Amino acid sequence: MNRWMALLPLAAIAALTVLFVGWSLKRDPAFKPDAMVGQPIPETVLPMLSGDQAGPGNLDLKTAGVGRPMIVNVFASWCAPCRIEHPKLLALKARGIAVVGIAYKDEPVATRAFLDELGDPFAMVLVDREGRAGLDLGISGVPETFAVDAMGRITAKQSGPLLDDADIERLVASMQAPPRPAPTARSR
């Protein structure tokens, strides 16, 4: 009887291993949650990057677009994929699309050096040293990009670097307001 009790922990570990492997095989590694799509952009107040300092001014992420559609890009100077996607962000700026940057868990001096080296595609950069905006947006890492319409609603999300022109066009198209019919006068 004591011999069977000694094997009980091994049997439990084997059962847990089988459950874990079974779960892993069913899980889709390409799945990227888009829980914030369709939701208003969070009201997170962050300091603006001014030179190589954070502040003195603060800005609410919700009002960063000032009633216009915008792309919100969460990036960091220490992020290698952020360097790869940077030319695509510069191309968005050249097209006249407002891009707001959130420097995620980064020091302002490092952020400024990154932008000076690669070019600044952002209409403004907000500094998120503690990662508050990242938590509010539900990001899983950097870079992540959100399309926000003029009403402040997140319309699309891209996890990972913007590499494909089709992904960029999907983001841009999603943030444009749908055409509304013109009002007509009714006869009484």
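Just so you know, these numbers come straight off a predicted model, no measurement behind them.
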Begin with the C-alpha distance, continue with both residues' side-chain angles, and end with the deciding distance and a verdict on side-chain contact (heavy atoms from CB on, under 4.5 Å) for Asp165 and Lys88. CA-CA 8 Å; Asp165 289 336; Lys88 298 291 186 182; 2.8 Å; yes
List the steps and the verdict of side-chain contact (heavy atoms from CB on, under 4.5 Å) for Leu137 and Ile154. CA-CA 10 Å; Leu137 288 166; Ile154 297 172; 4.1 Å; yes
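Listed by first and then second residue, the salt bridge (charged side-chain N to carboxylate O under 4.0 Å, His left out) pairs involving residues 35-51 are Glu43-Lys62 (not counting sequence neighbours). Within the structure, the salt bridge (charged side-chain N to carboxylate O under 4.0 Å, His left out) test picks out the following pairs touching residues 94-110 (sequence neighbours left out): Arg95-Glu169. Screening residues 122-146 for salt bridge (charged side-chain N to carboxylate O under 4.0 Å, His left out), with sequence neighbours left out, gives Glu144-Lys157.
The side chain to side chain contact (heavy atoms under 4.5 Å, CB included) search around Thr63 returns Leu59, Asp60, not counting sequence neighbours. Applying the side chain to side chain contact (heavy atoms under 4.5 Å, CB included) rule to Thr155 yields the partners Ala147, Asp149, Arg153, Ser174, Met175; only residues at least two apart in sequence or on another chain are considered. Annotation: side chain to side chain contact (heavy atoms under 4.5 Å, CB included) contacts of Leu118 (sequence neighbours excluded): Arg83, His86, Phe114.
Here the side chains of Arg112 and Val109 are not in contact, with every heavy-atom distance at 4.5 Å or above. Here the side chains of Leu92 and Val172 are in contact, with some heavy-atom distance below 4.5 Å. Put simply, the side chain of Leu115 reaches to within 4.5 Å of the side chain of Leu49, judged on heavy atoms. The side-chain heavy atoms of Pro81 and Val142, taken from C-beta on, include no pair separated by under 4.5 Å.
Residues Leu135 and Val148 are members of separate hydrophobic clusters, defined by side-chain heavy-atom contacts under 4.5 angstrom among Ile, Leu, Val, Met, Phe, Trp and Tyr. Criterion: ILVMFWY side-chain heavy atoms under 4.5 Å apart, direct or through other members. Under it, Ile84 and Phe75 are not part of a common hydrophobic cluster.
Residue-environment remark: CZ (Arg68) stays at or below the threshold of 12 foreign heavy atoms within 6.0 Å.
Annotation for Pro47 and Gly55: closest pair CB-N, 3.9 Å, computed over non-hydrogen atoms. Closest heavy-atom contact between Leu90 and Gly119: CD2-C, 4.1 Å.
To the nearest 0.5 Å, atom CG of residue Leu46 and atom OH of residue Tyr104 are 12.0 Å apart. Within the model, atoms CG of Leu162 and CD1 of Ile71 stand 8.0 Å from one another, a figure rounded to the nearest 0.5 Å. From Leu126, atom CG reaches atom CD1 of Ile102 across 6.0 Å, with rounding to the nearest 0.5 Å. To the nearest 0.5 Å, the span separating CD on Glu85 from OG1 on Thr145 amounts to 4.5 Å. Between atom CZ of residue Phe146 and atom CE of residue Met70 there is a gap of 11.0 Å, rounded to the nearest 0.5 Å. Considering CG of Asp120 and OG1 of Thr111, their distance stands at 10.5 Å, rounded to 0.5 Å.
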